[in-house]
Amino acid sequence: MTSDVVLRGGRIRTFTGDDRVVDALAIRHGLVLAAGSESEVSAVVRPGARYWELDGRTVLPGINDAHLHLVWWALAAPEFCVDLSGAGDLASLQAAVQRAPAGEWVVGRGWRETTVAELARGSAPHRRTLDAVTGGRPAVLHHASSHSVWANTEALCRAGVTRHTPDPPAGEIVRDADGEPTGILVESAQDLVARLVPVPSREERLDAVVRAMARLNRLGVTSLTDPVVTPEIWDDYRELHASGRMTVRVSALRHWDWPSPTSTADGLSRDLAESGPVTGSGDDILRVGGVKLFADGVPTHCTAWMHRPYPRGGHGDLVTTGATVAERVAALSALVATAHGRRVSVQVHVTGDRAADAVVDAIEAAAADDPWPAARHVLIHGTFLTTEVLPRLADGGIGVITSSLMRTGSGPSMVAVLGEERWRDAFPARALLDAGVCVADSSDAPVTRPDWRRGVATFSGVPGPYAVGDLEPGQVLTRTEALRLWTTAPARLEGTADRKGHLTAGALADLVVLDTDPVEASEGALLGTDAVLTVVGGRVVHDSGVVRGVGGPAGG
């Protein structure tokens, strides 16, 4: 029989409906036994309980990142991929490429047009820039958005991409004035080269994911939703779970077509029939959260489908199949209806306001034809939304997963494409909450770093390093509201709100002990807040050694 564990002497934010704050909490068999005053908690624990002294520190429910590509982030580590996010000009980008890990291919990630000086001034990226430093190795550099790649000539040759290669559906092979491919491949065109890149061995992948989970534990993360779980990634997760190596709970969104964003209703129906994912199947460590679909692209590439034209012209488009707008809208509706009819929740990547309207239309139509009150369909990003769609989201129980970290990471890129006025309206978390919509926040790592502290700071009005068009006073959330977007709200969208996202009797004992109270911390202190102890189901997965144990160490 394992001993009860009591945390005492701190500020325990339970995140119940009344935001109750208590000073003690007991854990038994991986669940919260009680939360209240020290005398109340001590009265229900068994003899021989172990006590962890908080010494005034703050406890929150474990952080839940609602949209984090765990495997992609793991494989973006330096042993697999060169980090290009710090490249300030083409010379530094070339120097970084030359530092790429050994291997047949050069793989990089994180470049942006607005942070590379020559590209920010209007020069177009070209394969020749990479040819000069890759020494005959094929190279593919993933854009920070993950919606395009920059390939060198050798990579294009291996893929058979020439001036005569047609653009794939929902994709573009960017060409220069002479009609030759520049090496930039947008949306589904990425697959022409990306599918050729050798993947690490399974052992390397599994070890990388375990290391990545440990990094998340050090930030206080105990749960996440991985939004593109291919059959291979699903098998990897199942192996990690079976071997007891998972230290983060994963809600998986199944997907079968990546790196192409284009799915078809027939293909989805076949994949669902063969794979049989049912929303909520699995257990508290690894579960199916639904399926991932794509509606449009991203604003930085002018592929988000917008009502108003971009300053450079065009409205973007849907990435579904069809020769006309009406056919692409119908294809989107068929995808949603297919999943809905099989009682599988959909989370749909959507960044343009016109695309968001189309997705909501599709969800409403599916619900009208085939009522499913328990459905938890979600818009991912919801970067731009019309005012008119907000009550429809609330009435339909449709959630939105925002991307606060993009406000502080993508500002210059977005403003360069859209203008500052339109960018100021991106990710309208305040308006969504006021309309009664369930909103969760996320990092979208490796698109950004998985730092919930920066996300909380952003939505509570703390300017970021690349913020352009900071939040207006009426757009700001309270600290508690912003923290709920990383705790209680993701659990609601998962369908696990009965046991996650709060610290009450019967809930999973997922929690983080912080050295600073993020609700009351100054701006600087909030961003510097450290997780000193992280617990998943009563199991210590990160311990900095500062929480004192009585009757046994904190990790004992």
Under 3.5 Å, is there a donor-acceptor pair between the [X] and [Y] side chains?
X	Y	answer
S145	H143	yes
T480	T478	no
T386	H307	no
S403	D444	no

Distance-only, no hydrogens or angles: does the [X] side chain make a donor-acceptor pair with backbone N or O of [Y] under 3.5 Å?
X	Y	answer
T16	R20	yes
R376	E494	yes
S442	T402	yes
D517	R11	no
D284	R249	no
R479	V456	no
R57	G10	no
T448	S443	yes
R407	A426	yes
D4	R46	yes

Inset, instruction - Establish, for the pair R449 and W73, whether the NZ or CZ atom is under 6.0 angstrom from the six-membered ring centre and no further than 45 degrees off its axis. - result: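 Not satisfied by the 6.0 Å and 45° rule.
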For [Y], is there an ion pair with [X] - N to carboxylate O distance below 4.0 angstrom?
X	Y	answer
D55	R548	yes
D207	R245	yes
R342	D370	no

Considering only heavy atoms from C-beta outward, does the side chain of [X] approach that of [Y] to under 4.5 Å?
X	Y	result
Y310	L418	yes
H340	V346	no
L433	L477	yes
M414	T300	yes
F427	V439	no
D353	L385	no
H301	S148	yes
I27	L33	no

Inset, instruction - Give a yes or no on whether R492 atom CZ has more than 12 heavy-atom contacts from other residues, nucleotides or ligands under 6.0 Å away. - result: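 No.
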Inset, instruction - Assess whether atom CZ of R215 is packed by more than 12 heavy atoms of other residues, nucleotides or ligands within 6.0 Å. - result: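 Enclosed.
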What closest approach, in Å, do [X] and [Y] show between heavy atoms, and which atom pair accounts for it?
X	Y	result
V229	W234	CG1-N, 3.6 Å
E481	L485	O-CD1, 3.0 Å
A531	L219	CB-C, 3.9 Å
A304	P299	CB-N, 3.7 Å
A66	A440	CB-CB, 3.9 Å
G36	V22	O-CB, 3.4 Å

Inset, instruction - Could you check T247 against R539 for side-chain hydrogen bond (donor to acceptor under 3.5 Å, both in side chains), going step by step and ending with a plain yes or no? - result: CA-CA 9 Å; T247 60; R539 171 191 174 195; over 6 Å; no
Value rounded to 0.5 Å, distance of [atom1] in [X] from [atom2] in [Y]:
X	Y	atom1	atom2	result
N217	I63	CG	CD1	12.0 Å
I380	T351	CD1	OG1	11.5 Å
D425	T383	CG	OG1	12.0 Å
K292	T230	NZ	OG1	12.0 Å
D515	T529	CG	OG1	6.0 Å
L318	T303	CG	OG1	11.0 Å

Inset, instruction - On the 0 to 90° scale, with breaks at 30° and 60°, tag the H377-W372 ring pair as parallel, tilted or perpendicular. - result: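 H377 and W372: perpendicular rings.
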Inset, instruction - Can you label the angle between the H69 ring and the H67 ring as parallel, tilted or perpendicular, going by 30° and 60°? - result: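 Geometry flag for H67 against H69: perpendicular rings.
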Legend entry - side chain to side chain contact (heavy atoms under 4.5 Å, CB included) between H542 and V221, intermediate numbers included: CA-CA 10 Å; H542 162 63; V221 175; over 6 Å; no
Inset, instruction - Check side-chain contact (heavy atoms from CB on, under 4.5 Å) between T114 and all other residues, then give those that pass, not counting sequence neighbours. - result: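 Residues passing side-chain contact (heavy atoms from CB on, under 4.5 Å) with T114: R112, P412, S413, A416.
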Inset, instruction - Kindly determine whether H255 and F294 satisfy ring-ring contact (aromatic ring centres under 6.0 Å, His included), including the steps that lead there. - result: CA-CA 10 Å; H255 188 80; F294 289 85; 5.6 Å; yes
Inset, instruction - Show the numbers, then the answer: is there a side chain to side chain contact (heavy atoms under 4.5 Å, CB included) between D357 and R354? - result: CA-CA 5 Å; D357 288 351; R354 191 173 178 184; 5.6 Å; no
Inset, instruction - Evaluate the side chain to side chain contact (heavy atoms under 4.5 Å, CB included) criterion for residues V476 and F459: first the C-alpha distance (whole Å), next the side-chain angles of each, then the deciding distance (0.1 Å), finally the verdict. - result: CA-CA 6 Å; V476 173; F459 274 163; over 6 Å; no
Legend entry - S404 vs R454, side chain to side chain contact (heavy atoms under 4.5 Å, CB included): CA-CA, chis, key distance, verdict: CA-CA 8 Å; S404 61; R454 169 52 65 188; over 6 Å; no
Legend entry - Given L379, L293, D296, V359, the one that forms side-chain contact (heavy atoms from CB on, under 4.5 Å) with H349: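 Checked L379, L293, D296, V359 against H349; only one passes side-chain contact (heavy atoms from CB on, under 4.5 Å): D296.
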Legend entry - Residue pairs, two or more places apart or on separate chains, that pass salt bridge (charged side-chain N to carboxylate O under 4.0 Å, His left out) and touch residues 67-76: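 As it turns out, there is no salt bridge (charged side-chain N to carboxylate O under 4.0 Å, His left out) pair with a partner in residues 67-76 once direct neighbours are skipped.
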